[in-house]
Number of protein chains: 2
Amino acid sequence: MASEAIENYLKAIYSLSRESPTGEAGMKAIATLTGVTVGTASTMVKRMAGAKLAKYERFGGVRLTARGERAAIDVQRRHRLIETFLVETLKLDWSIVHAEAERLEHAISSVVLEALDIHLHHPSVDPHGDPIPGPDGKIRTERGAALSTFAPGSKIRVARITDQGPAFLSFIAEHGLRPGTKAIVAATESAAQSITVHASGYAAVTMAVAAAESIICESA
Amino acid sequence: MASEAIENYLKAIYSLSRESPTGEAGMKAIATLTGVTVGTASTMVKRMAGAKLAKYERFGGVRLTARGERAAIDVQRRHRLIETFLVETLKLDWSIVHAEAERLEHAISSVVLEALDIHLHHPSVDPHGDPIPGPDGKIRTERGAALSTFAPGSKIRVARITDQGPAFLSFIAEHGLRPGTKAIVAATESAAQSITVHASGYAAVTMAVAAAESIICESA
DNA sequence: CAGGTAAGTTTGAATCGTCAAACTTTTTGG
DNA sequence: CCAAAAAGTTTGACGATTCAAACTTACCTG
Ligand SMILES: [Mn+2]
Ligand SMILES: [Mn+2]
Ligand SMILES: [Mn+2]
Ligand SMILES: [Mn+2]
C-alpha cells in the first residue's frame, strides 16, 4: 500500500489534473496543495513515477498512471465516506470534517470502510455535495455550474461546494447555502464584482463573484 | 503530540509495567509487544527518556513518567472507544476490532473521540471487557480472577478477556464466553491441565488451564 | 563460583520524507 | 527576440524509525 505521504500526493495530482485542461498537474500546484516545498514535490513525484503511480518527464506536467488514478480514487472514497459519517452519525459540523477526514482516510481499512458504507446506506454524495466513488472506483459525473455564471432571477439548487475551508463553509451555511437547498439569484453588480443570493427562510447574502465560483449549482 | 511509533511504545510499556510486580517493563518484552528488535526498543526508550515520557537506567527496567503514563492512558481510551464503536455501531466481529483500532487510535482527534463517546453513550468497558479510561484519565479498577483459579461447580460471570488474538476470541465466543455471560465451571482435570466450562445455551468447552488464564471472571 | 544463557546496548547502515539553497529550463511580456 | 520571472530540478543535510550484528552486562544453574 501507498504510504500516507504518497496517498496525499495521489489525491493532489488527481484533483489538479481533473480540473486542468491539459489533464496534467504542475509541481508548484502539487507542492502548494500538499503543503510541501516544490523541491520535495519534485523528488516525491519522481519516486511515484518509479513506483508506476505517476508519469512525467522533466519540466513537463505530471499525470497519474491507471494504477495511480485508481489508488487516488480509493483515497477519495475513504475521505468522502468518512466525512459523511462524521456529519451523519457523529453530528459534527460540516465545516470541520474535511480536516478530520484528512487524517483518518489513511488509517481506515477496507473492512471498516465497507461497514461504514453499509451503516450509512451507501450514500452517493458527501456533506459538500461531492460524489462518493463506488468500491469499484466508478464515479458519478458531476453536473452543475458555478453560482457566478447564473443571471439575476435564476432559480437554482446548490449542488456542491468546492472550497473546503471552515470559514467559508460556516459563512454560507448561515445563509442556507448547503448542497440541496434552493435559492434565487437576487442580483448581480458587475461594478462591485458581487452577486446576491436568497435562499428561502434565510436572509439574502451578497458575496464576491470570486467566492461564488466555489458554489456549484443547477437550475431549479 | 507523540508520534504513532512513540504512542505504541507508550501503550506497551504501560501495560507491561501494569502487570509486572516491580512496575517496570523489560526491553525484550517491549520489543516483542511492539514487533520491533530489542536494539530498536532500546534506542527508542532512550529517546523517550529524553522526552520525559519514560524513566530508566542502563540495564535497569523501564517505567513511564507521569506525563508518559497520561499519554499512554489517552491512547488506551482512544483504542477502547474505537473498538466499542466498531462492534456496537458498525457491527464488526469482536475478534477483529483490536487490529483495526491499533491503526485508527493514532489518527483520531479529540473532537471526533468525544463525539464517538457521546454517540456510544459513554460506555465503561470495551468489547473485551476492558475498562475505558475517562477523558480525565481515570480508570475504574478491574475486578475478577482468572478462570483457571475457580473450582469445579463455581458459578461465574465472564468479566474480561486478556488475549486479543482473533483465533482465541472466535473460539470462546462460539461457546458463549463473552464478557457478561454466566457459566459454570463443570470440571477441572489436573492431569490433563484442563478446565471445562459450561455457559447456558452453549455446548460445554474444555480448554487448557493456560488458555483459561486469559479469561477473567467474577463469582456469580 | 564459573560458565553459559538471556537481556540489554551500541554502532553502522538503510529508508522515508522533508527542507534550504543553488542551479536549470521554460514561459512571458515588452 | 530577449531579459526577467516563474517553474522545475538537484544536491546536501537532517530527523525519525528501523535492522543486523557486534558487543556488554546480568542472571542462573550446576
Ligand atoms: Mn490526507
Ligand atoms: Mn468533502
Ligand atoms: Mn497502535
Ligand atoms: Mn479491547
Side-chain angles (χ1 to χ4, degrees), chain A residues 1-13 16-17 19-64 68 71-72 75 102-103 105-107, chain B residues 1-13 16-17 19-64 68 71-72 75 102-103 105-107:
Chain A
M1 274 306 103
S3 66
E4 172 158 349
I6 297 290
E7 286 192 339
N8 285 330
Y9 290 106
L10 284 170
K11 276 207 315 184
I13 298 168
L16 286 169
S17 49
E19 58 189 66
S20 125
T22 65
E24 290 181 334
M27 276 307 165
K28 182 79 186 310
I30 295 171
T32 303
L33 206 52
T34 53
V36 106
T37 64
V38 193
T40 299
S42 190
T43 303
M44 292 300 279
V45 165
K46 201 179 343 166
R47 188 179 304 177
M48 290 170 74
K52 297 266 183 290
L53 291 170
K55 220 173 194 55
Y56 95 120
E57 41 206 273
R58 274 172 44 119
F59 298 104
V62 182
R63 56 176 71 243
L64 296 179
V75 183
E102 203 57 56
R103 269 168 298 111
E105 67 190 0
H106 311 290
Chain B
M1 272 306 103
S3 67
E4 172 158 347
I6 297 289
E7 286 192 338
N8 285 331
Y9 290 107
L10 282 170
K11 276 205 316 184
I13 298 169
L16 286 170
S17 49
E19 57 189 68
S20 125
T22 64
E24 290 181 334
M27 277 306 165
K28 181 79 186 308
I30 295 171
T32 303
L33 207 51
T34 53
V36 105
T37 63
V38 192
T40 299
S42 189
T43 303
M44 293 300 280
V45 165
K46 202 182 340 171
R47 174 135 82 223
M48 290 170 75
K52 297 266 184 290
L53 291 170
K55 219 171 193 57
Y56 95 120
E57 41 205 276
R58 273 173 45 119
F59 297 105
V62 182
R63 57 176 72 239
L64 296 180
V75 183
E102 203 56 56
R103 268 168 299 111
E105 66 189 0
H106 311 290

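Everything quoted here is computed from the prediction, not taken from an experiment. A, B, ... follow the sequence lines: proteins, then strands. Residue 1 opens every chain.
- Atom NE2 in B/His106 sits about 14 Å away from atom C1' in D/dT17, given to the nearest Å.
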Would you list the atom pairs, donor with acceptor, under 3.5 Å between side chains in residues 35-44 of chain A and any protein atom, with sequence neighbours excluded?
unit_1  : atom_1 : unit_2  : atom_2 : d
A/Thr37 : OG1    : A/Thr40 : N      : 3.4
A/Thr37 : OG1    : A/Thr40 : OG1    : 3.0
A/Thr43 : OG1    : A/Gly39 : O      : 2.9

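- As rounded to whole Å, 13 Å separates atom P of C/dA7 from atom CG of B/Leu16.
- Each of B/Lys46, B/Met48, B/Met27, B/Glu24 was scored for a side chain to side chain contact (heavy atoms under 4.5 Å, CB included) with B/Val62, with one residue passing: B/Met27.
- For the OP1/OP2 pair of D/dA16 and a distance below 4.0 Å, the side-chain nitrogens and oxygens of B/Ser3 include no atom meeting the criterion.
- Every side chain to side chain donor-acceptor pair (under 3.5 Å) that A/Lys11 has, sequence neighbours left out, goes to A/His79, A/Glu102, A/Glu105.
- The side chain of B/Tyr9 places no N or O atom within less than 4.0 Å of a non-bridging phosphate oxygen (OP1 or OP2) of D/dA16.
- The stretch residues 42-57 of chain B touches DNA chain D through B/Met44, B/Arg47, each having a heavy atom within less than 4.0 Å of the strand.
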Mind listing the N/O atom pairs, protein and nucleotides 3-7 of chain D, below 3.5 Å?
none

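- Taking OG of B/Ser3 as the start and CZ of B/Arg47 as the end, the distance is 8.0 Å to the nearest 0.5 Å.
- Separating the CD atom of A/Glu24 from the C1' atom of D/dG8 is a distance of 14 Å, rounded to the nearest angstrom.
- For B/Arg103, the side chain to side chain donor-acceptor pair (under 3.5 Å) test picks out B/Glu100, with sequence neighbours left out.
- Under a 3.5 Å cut-off, the side chain of B/Ser20 and the backbone N or O of B/Leu16 do not form any donor-acceptor pair.
- For the OP1/OP2 pair of D/dT18 and a distance below 4.0 Å, the side-chain nitrogens and oxygens of B/Thr37 include no atom meeting the criterion.
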What verdict does the side-chain contact (heavy atoms from CB on, under 4.5 Å) test give for B/Tyr9 and B/Ile30, after you've listed the backbone C-alpha separation in whole Å, the side-chain angles of each residue and the deciding distance to 0.1 Å? CA-CA 7 Å; B/Tyr9 290 107; B/Ile30 295 171; 4.1 Å; yes
Which pairs would a plain distance check flag for residues 50-60 of chain B, meaning a side-chain donor or acceptor within less than 3.5 Å of a matching protein atom at least two apart in sequence or in another chain?
none

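- The nearest whole Å value for the distance from the CZ atom in B/Arg58 to the C1' atom in D/dC23 is 11 Å.
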